[in-house]
Structures are given as structure tokens and as C-alpha cells.
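So that the names make sense, note that chain A is the first sequence line, chain B the second, and so on, each numbered from 1. Side-chain atoms are counted along with the backbone in the values below, which use heavy atoms only and exclude waters and symmetry mates. Please read all numbers here as calculations on a predicted model, not as lab measurements.
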Amino acid sequence: MRTERPKTFNKTLNQSLFIIGVMICWELLARTRWFPPLLFPQLTSVFSSLFSEIAKGEILGRLYFSLYLIAVGLGLAIITAACAAALALSSNLISDWVQTVMAILHPLPGISVLPIIILWLGTGPQSIMAVIWFSSVWPLITNLHTGLRSVPATQIEVGKNYGLKGVGLVWKVSIPGAFPHILTGLRIAWARAWQASVAAEMVFGASGGEGGLGWFIYKKRFFMEIPSVFGGLIVIIIVGLIVERLCFEWIEVRTVRRWGMTSE
Amino acid sequence: MRKKCLLILSMLLIFTVFQVPAYSAPKEKIKIAGQFGLVYAPLMVARSQGLFEKYGLEPVWKEYGSGGAVREALISGEADVGFMGIPPFLIGWDKGCPWKVALGFVVVPVGLVTYDPDLKSLKDFKPEDKIAVPSPGSIQHILLAMAAEQELGSPNALDNNIVAMPHPDACAALISKKGIKAHFTTPPYLFEELSEPGFHLIVDDISVFGHPFSFNVGLASQDFHDQRPVAYSVFVSAISEAMAWINSNKEEAAEFLAPEFKLSAEKTLRYLEWEGMNYTTAPYGLMGFAQFMKEAGYISRVPASLEEIAFENVLSFVGSRAGGLSEIEMLQGR
Amino acid sequence: MLTETGLIIENLSKTFYVGGRTIEALQQINLEVVAGEFVNIIGPSGCGKSTLLRCIADFEKPTTGRLFLNGKAIKRPGIDRTMVFQNFDQLFPWYTIRKNITFALSVAAKSNSTKERNKKADYYLDLVGLSGYEDLYPHQLSGGMKQRVAIARALSVNPKILLMDEPFGSLDAITRVALQKELIKIWQETKVTIIFVTHNIEEAIILGDRIFVFQSNPGRINKIIENPLARPRSLDSPEFNSVWEKVHVHLNFDSKKRKGGGKKQGRAVAEKPLSSGACFFDI
């Protein structure tokens, strides 16, 4: 326990130094003007446009909307995955079906189904949510499924021995036992949901009133506000880092790492 | 095995290096960035008739999905010359892209089409009624903003209604009445949609802008114009020739173009002869767009004169009448 | 019926179908275990000794036959029969040591308060010599300590029978001997009935009052051997040797004799090769 804090601290410091280094290289490269500044802006102009977009309030509103879309899409995906895993757990036949469906659909990039989703659901937030759902549901099911199957039979029997059955057994033994996999699934699902939300809005289907960060970047591209495009990317990166560091790592340290359930 | 591969590779390399000059002398290339649609028919004609080749130039044809993409191709040097609507051009010019207009490129009808009989004017649009445009900042988007300013008092009144969709997708969506309520579009999609029963125009180009305008402009960079004057002239001449040919050979042009658009020859001819179609290099409405876009906040400045945004052939074409504007000078405004 | 308080197994058979083949894991098992008794089941692997234990715990349903505990038929798993497994992963890694026990208590008897449960957990941890480890997580314990926790947990719910499925099978010899001693002490203190499965002859003789010697193909009881040795038992005594010979004979070895006076030999090859210590039979 004692060695952990300096380790994380060192990691953070190391990462920060690396990022600062990359940023300095960027700024120097941009100042050489080897590339058209319209396409490769200086970081200083990127940050000043980012701050002005934040001040105008648009970028945060877009971010909020993106997060809302992801919350709904990912939430539905989690519910779907839970149901699918529950069904798969209840019968081997359904388990085979779920595995077949996963084998077929898991490799499909979420964005590739957008044209069909637009045909079925039309344009608008519901389509983006559907793409987010589609992108995140497979890693969730796969990991939940593997996780539940990886719980040692002994632990299930111990649970039964002390009088647990049905939902209680799943809740008190299977879910915590599968938690390392569940956490991995959530991480992948979150990443894919982010990617899908931004990508879907850039391809099409987003609209002025109901667009998130993807739409913001898309629009800025067409108005040639390239520093703002980079600003949008920076917001995406920062949110990704915050969620990874403050949410997933926080959970991981308090659960699977404390329980010694990681392979690290 | 590896040695053999290397040997074969190096031989291939030697052959390619030494053979190309043996067959043909390297021609000067011109990279041309266009888009899809009936508007770009002159590019197809120039291509098939070898109108660049006859001047000894080798054209490299590139097609992009939007004016924004053409603009990026020009900035990055993927293209020497390109075609886009006046608004994307002005946005680039505003940001410091060093280009000017080398020619006007086609006057065509543009309009906002809907299937919904209840949508008779922009005032009837509710927040959930989606309007498809090819992209933000496209000429269709700016025309919609112009119409919104006229009818609703603010150029941004319908910004939350717009959906960015490529023309073919939006056309399919509108005809199947899925997702979008209206589509701001151009030929042939405009004609396809208006051929459907019950589909009607809410807004058209003339009522919004006041008079016809160049739907596209042909652009070249100042460097290209200055350093490759011959290629520049060839560009203007070849496109002009293609346009003139279409205008005087509509039936033959329709035969040729029909397979490109997957339409019948009769239909293509009908589209070519649709009222308002005009394959012309004359520039219309350059300053009118600039004025509006500045007022609505899409660009930060307005060209002081046409000289800032057009090359000498365009300037001489428009002229500068002493003692008041000529008709063609007036057509540059709104 | 000899006794009201105890385990009675009547005509128990268990057949598995694996890959189209029928395997008769247990055939016509009849046995009785008196309350408070410590019995061992020994036999080669595949003789069904674990299957029998799992049938008693009701993790497996017998194909035919019936089981009674204190006169009542066994129908489902329950805390009157708690199992201690061989696997170290029988503890829940997401609970602390204390929580692993209070978890069992809370599921078994919801009426208890948290305070009572903690007190009880600490009592049983003390019994197995793990005071002071309450707040650690299982992954921070050694294998032997994990097995102690499992025993404490199994005892904490006051079972009628403790079912032990080779609980010391994966331990090193030194830990194993120590735990054997402690198990006897705990048994004497708690008076719990213990059914202990092993494949180690010494372990069977050191621990049990009676030894059920099993045979495989199909799994059945070959011989029930009374173990008259007084406790504490010594590996070196001549009586030990005579019991050893008896068990050994009924395990159907081909005339191999136990060499020496029962000293730690490590002569024969075990199912799982262990570093040293007690002596195992060939299969």
C-alpha cells in the first residue's frame, strides 16, 4: 500500500513531462511554418480559441450534449448486456446464441451501421444514441459473459452452501467475482461510446440543435476555424483522461487492485 | 528467398525509372478538384474530350464530397485548381487562403424542397422539422440563412434545424419522408425531388438572392496564377470550351452525361433544359454573398473591391464602367 | 436406523454421462456417521470420494438412493453441512477475512446484528489462530492461512457436519502437519461431526475414528476400518503401522510394504507430487 502513492505520482509526473515535451515540439514545428498554418496551427492559437469557445459557452454545451447522448446510449447498452448475460447464464442454448451474435456483430465498427440506423430511426439524437449503443454493447456483453464464466465454481458452491440462490447468488458472488472483467468491459465500452458519438456526428445525422462535440468539430472544420477543431479534440482528450484517471482508476484501486484480482 | 525478392524489386525499380521517359516525355500536370452533380458536367466534358490535353497539359481529376473538402485539398496542395460555392471560398479567403476567382462556374436553380403540404414558408418550421444541407457553411446553408433573415428576422433562426447530409443521402431521405422535412438542394437532386408528387419549393434562389448568382466559382492560388501563367490560361480556356459545347450541343451532352448520373438521356436533357440552367463562366453575386456573410458574422471582412478576390480575366469581364455601375457590375451585389 | 443424530446414506448411486459414456462414480453406497464422529474417506482418484461429499452437500443430486441428516432427508445445500474445499480460491477475494465469515453469517442468519457477527467471526478466527488478520484480504494470506479461514468460516455457522474435501491437499508438508493438529484440537473443542476426504494414508490415520476405504470403477466402499489409536497419535508407534498395513491392503496395492517404522519417507509417488513429508500410495 505504501509504495503505491509514489508510483502513481511518478507515473503522473512522467506522463505530464511527456505531454509537455510533445506540446513544445508542436509549437516549434508550427512556428517553422513548414506546414500551412491554416492546417497546422500554433498551440497558442489553439488554446486561445479553446478559451474563447469556453467563454462563449458553446463548447461546454456541446460537451454536455455529447455526455448526455453517451449516458443514454451506454446506459441502455449496460441494461442490454445485463439482460443478455442473464439469459445466457440461464440456458446453454441462449448462451450459444449470444455467442454467435457476438461473433458476428462484435467486429463491426459501430459507425458502419449508421446508414441503416438512419434509415430506421431517421436523423437526430436517437440515431447517435443507437450507434453508441451498438458500439458499446458488444464489449460489455463479451466481458460480462466471460467474467461470469470465470467465477470459480468453488465460490459459487460456497455461496450456495451458505444459502444463497438465484438473484442473491448472482449479486453477491457472480457479479463481484466477474468484476475485473466487468470493469474492463465498461472501460472499452466507454471508449467506444466516445468514439462512436464523435464519429457519428461527423459522418452525418447530427444537427445544429442536437449536436455534441462531433458536430462542433465538424462545423468548425467547414468554417475553417482549425484552432477550434483542435480545441474540440483537446476537450475530448481531457474528458477521456478525467474519466480514465478519476473514474476508472479510482474504482480499480478500490476494487480489483485491493482485492488482488488483477494480473498486474 | 529474400535475396530473390530484393533482386526482382530492384529490377522493377530500374525498369520503372528508365522506361517511363522512354515512352513519353513528362507532361506538365494540373490537379483539378471538383465535386459530384450536374453542376460539374463541364468537368466531365473537358475530361472526355481531352480539352486540357490538347494544350499539352495532363489533367489529374479529383472528386470531393463538399466545398470544404475541396478547400482543404487546395490548402494542402493536393489540388492546383478547384471548384466550390462562393461562401466556402469566402470563408477560406477570410482566413487568409491566397486564392482568387478564375472563373464563374454555372448558374443553376437552387431551392428548399419539402414534401409536407403544411410547410409553405419558413415561418411554418417547428424546431423538430429538420432541414438538410450538404454541410455547415455551404452555399445552401448561407442561402437558408439569407432566407431566414428575410422571413424570420435572424440569419440564425433555423440553425438548430439544419442537418448536414450529402445530397444523395438527403434526397433519398426526403423522398422516403424519413428523418428530414426539407432539403436545400441543387440539380439533379432538386429536379428529382420536385418530380415527386406533392413535393414543392418553399424558397428559391431568385427570391432569396434577388437575381441569379454563380453557384460555384473556379479558383486558383495566387502562386499558381503567377508562376504557371500558361497552365492558368489553359484552365480558363478548357473550362470555357466545355461549357460552350454543352450549351450548343444539349442533346449530345445529355447522351454523354446520362450514364454518369444513372439517368435516362431524355431525363438528362430535360434537366439540362430546366428553366434557370446556365452553363456560363460569367461571375454573378460575388460581393452580394460577401456582404451578407459579413453582416451575419460568417466572415470578418468584406473585400474592398473585386480585385481582392478575382483575377484579371474576371475583372476585365466584369469591367469598371465610368459614371455608374454597368449591369454586370450590379449583378455582383444583391 | 442406529441413531437419530447423524448422517445416514442409503443405496446411493451416482452416474455421470460424459461424452456419450456412462461413468458410474458411486455404486450402492450405504453408510452411517454418528454425531460427533471424525471419519475419513480414502481412495484412489476417481473413486468417487469427492462425489460422495458433494452429494452430502447437495452440490450433486444422487442418481438413486437417499441421504438423511438427523432423520431428515437432504434436499438442498444448507449450513448444517458446510464444505471446506481443497482450492485456495474458496474465499471471496473481494471481502476481508472477517467479512468472508460475517458474509456467511449474514446469509445464514439475518437476524444477527453486525456487531454480533463481527464478534463471532473474531471468535472463530481466534480458534484457527488468525487473530490480527481480520482486515486483510485473502490475496494477502498464504495458502495455509486461507484454509484456516475457510475452516473458521465453515464452523462459524454451527454446522452439524463439516465436509472436508482434501482441504490440506495443496499445502506443503509442514503446514499440513500443523493444520492436522489444529483440526483435531478444533474438533475436540466444537464436537462437530467431520467427514474428511484424503488420498493420504497417514493423514487418514492421524485424524479419523473410522476410515472408509474406497475403490474405483465403479466407486464403492471396499472396507470400513476402525481406528483404535489413542490421541495424540504418533506416526512411530507399532499400532500406527498395523493400521497403516490394513488401510494399505484394502487400497489394493500389489504387495508393496511400508518400509521402516512410519518415518517420513516419501517413498511412493503421490497423485500430486509433494515435496516431502507424509507418504502416499500409488494409484
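Taking chain A as the reference chain and counting heavy-atom pairs below 4.5 Å, the highest number among C:F85, C:Y95, C:F59 is found for C:F59. Looking only at heavy-atom pairs under 4.5 Å with chain C, the residue among A:I156, A:T255, A:V151, A:V173 that has the most is A:V173. Interface summary for chain A: among C:P77, C:P93, C:A57, the most heavy-atom pairs under 4.5 angstrom belong to C:P93. The most heavy-atom pairs under 4.5 Å with chain C, out of A:G260, A:G163, A:P176, A:P152, come from A:P176.
Contacts of A:V256 with chain C are absent, with no heavy-atom separation under 4.5 Å from either backbone or side chain. Contact annotation for C:N87: only side-chain heavy atoms (C-beta onward) come within less than 4.5 Å of a heavy atom of chain A.
For A:E252 and A:R187, the salt-bridge test passes: some basic side-chain N is under 4.0 Å from an acidic carboxylate O. The pair C:E203-C:R176 counts as a salt bridge, with a side-chain nitrogen and a carboxylate oxygen less than 4.0 angstrom apart. Taking 4.0 Å as the cut-off between side-chain N and carboxylate O, C:D58 and C:K75 do not count as a salt-bridged pair.
C:R153 forms a cation-pi arrangement with C:F92, by the criterion of a distance under 6.0 Å to the ring centre and an angle within 45° of the ring axis.
Within the 6.0 Å centre-distance limit, the rings of C:F168 and C:F196 are counted as a close aromatic pair.
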